[in-house]
Amino acid sequence: MATDTGTAGDLALVIVAAGSARRFGADKLSQPLAGATVLEWAVRSVRAGFPFAPTVLVVHPDRESEMAACFAPLGVTVVRGGARRQDSVRNGVEAAGLHDDGVVLIHDGARPFVPVGDVRAVADAARRNAAAVLVAPIPDTVKRVGADGLVEATVPRHGLARALTPQGFRLEVLRRAWDAAGDAEWTDEAALVESIGGRVEAVTGDVRNVKVTRREDLEAMAAAFPRRVRVGQGVDVHPFAAGRAMWLCGVELPGEIGLAGHSDADVALHAVTDAILGACACGDIGVHFPPSDSRWKGAASAVFVAHAIQLAAEKAMRVVHCDLTLLAERPRIGPHREAMRARLAELLGLSPDDVGLKATTCEGLGFVGRREGVVAMATVTLEQA
Ligand code: MG
């Protein structure tokens with residue numbers, strides 16, 4: 001009996017990513033999409049249906065070591081593709097360790113989204129009928145267009161469907177088809193099996209299972225994936241120090257007693273910097289700007305914020321909101337609030353509408369209440385860029 005785990009050679013997954021990307025103009029499989037690449041999502045989606053099945057990824061020979069470094073730690077076997085699609089698929093299937101009666105699901109590495117239910121439905125159909133293909137209806141009227149750009153005919157769409165992946169086959173059926181194929185080239189395995197008169201069951205799948213071919217496909221796909229959101233918090237404390245200028249949120253408050261510190265001691269920007277670093281899991285401000293480093297003596301703390309934003313950008317994250325609370329008996333924040341908020345928004349690349357700035361005293365309690373220093377607490381939200 002077939003099992004869901006595929007551990008006995010009953011079921012295997014082969015993801016094909018060996019082609020070139022002529023239409024896209026770049027490596028479409030490595031394009032970022034919702035915190036991973038198109039190919040990572042393709043592997044994840046098809047694997048979600050059978051998490052324990054042997055999984056083989058077929059890649060272009062030039063990228064074998066790079067892909068192995070990325071996917072082998074996930075338990076995926078990476079093998080080289082061949083000259084034609086069917087050669088690549090064959091290399092992958094041979095590496096999957098299936099017995100002849102086992103079923104292989106073949107998925108296109110450029111299809112980052114396939115629902116678990118569709119993956120399982122194709123596997124069930126392949127077990128029943130030896131061959132199955134996921135298809136989607138064609139809702140639009142279909143035209144045949146000539147090379148001159150003129151419509152030649154309207155094609156009756158009754159009975160037409162788009163072929164998607166995964167496609168599922170009993171190994172024995174694929175072997176017969178490969179042996180019969182000779183030098184002919186096939187764009188999908190279902191067509192290959194059809195060519196030897198094999199019966200292929202069509203399983204209706206989700207229309208969002210799109211093959212990323214053009215940039216617009218990727219943009220539409222990115223909009224459909226949930227965006228990754230990270231929230232970071234940062235807290236900082238600085239004591240007052242006579243003879244120092246007071247900087248808060250990148251604004252100098254004239255006539256106020258300033259804060260002690262190695263840099264300009266802008267406690268607010270330090271808390272914001274730490275919040276951004278926290279959201280990116282990039283350590284804290286002391287790691288990046290140690291007080292022992294003379295470069296930061298007297299530095300404007302805006303450089304710390306800019307550095308944190310740069311680190312976030314390297315992780316494909318951008319700041320979308322900031323909320324800051326200052327705990328201080330002095331200075332009075334009210335008269336400077338709008339200037340501080342505007343400057344903070346500017347440093348973060350946000351509209352002032354996306355920057356909250358609040359202040360409270362501590363009712364005379366503790367070191368803030370005794371007017372010994374200022375506390376800043378920041379919460380910053382980052383989204384996938
Ligand atoms: Mg500090």
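Just follow the structure's listing: the first ligand is 1, and inside any ligand the first atom is 1. All residue numbers in this chain count up from 1 along the given sequence. None of the values given here were measured: they were computed from a predicted structure.
If you put the vertex on the Mg ion (ligand 1), NE2 of His238 and ND1 of His270 sit 90° apart, to the nearest 10°.
Among the backbone and side-chain atoms of Asp266, no N/O/S atom is found under 2.8 Å from the Mg ion (ligand 1).
Counting only residues at least two apart or on different chains, no salt bridge (Lys or Arg N to Asp or Glu O under 4.0 Å) pair has a member in residues 252-277.
Aromatic ring centroids of Phe304 and His270 lie under 6.0 Å apart.
Shown are Ile333, Leu269, Leu344; of these, the side chain to side chain contact (heavy atoms under 4.5 Å, CB included) with Leu248 is made only by Ile333. For the pairing with Thr165, the side chain to side chain donor-acceptor pair (under 3.5 Å) check across Lys211, His107, Glu189 returns one residue only, His107.
Sorting the N, O or S atoms of Asp236 by how far they are from the Mg ion (ligand 1) puts OD2 first.
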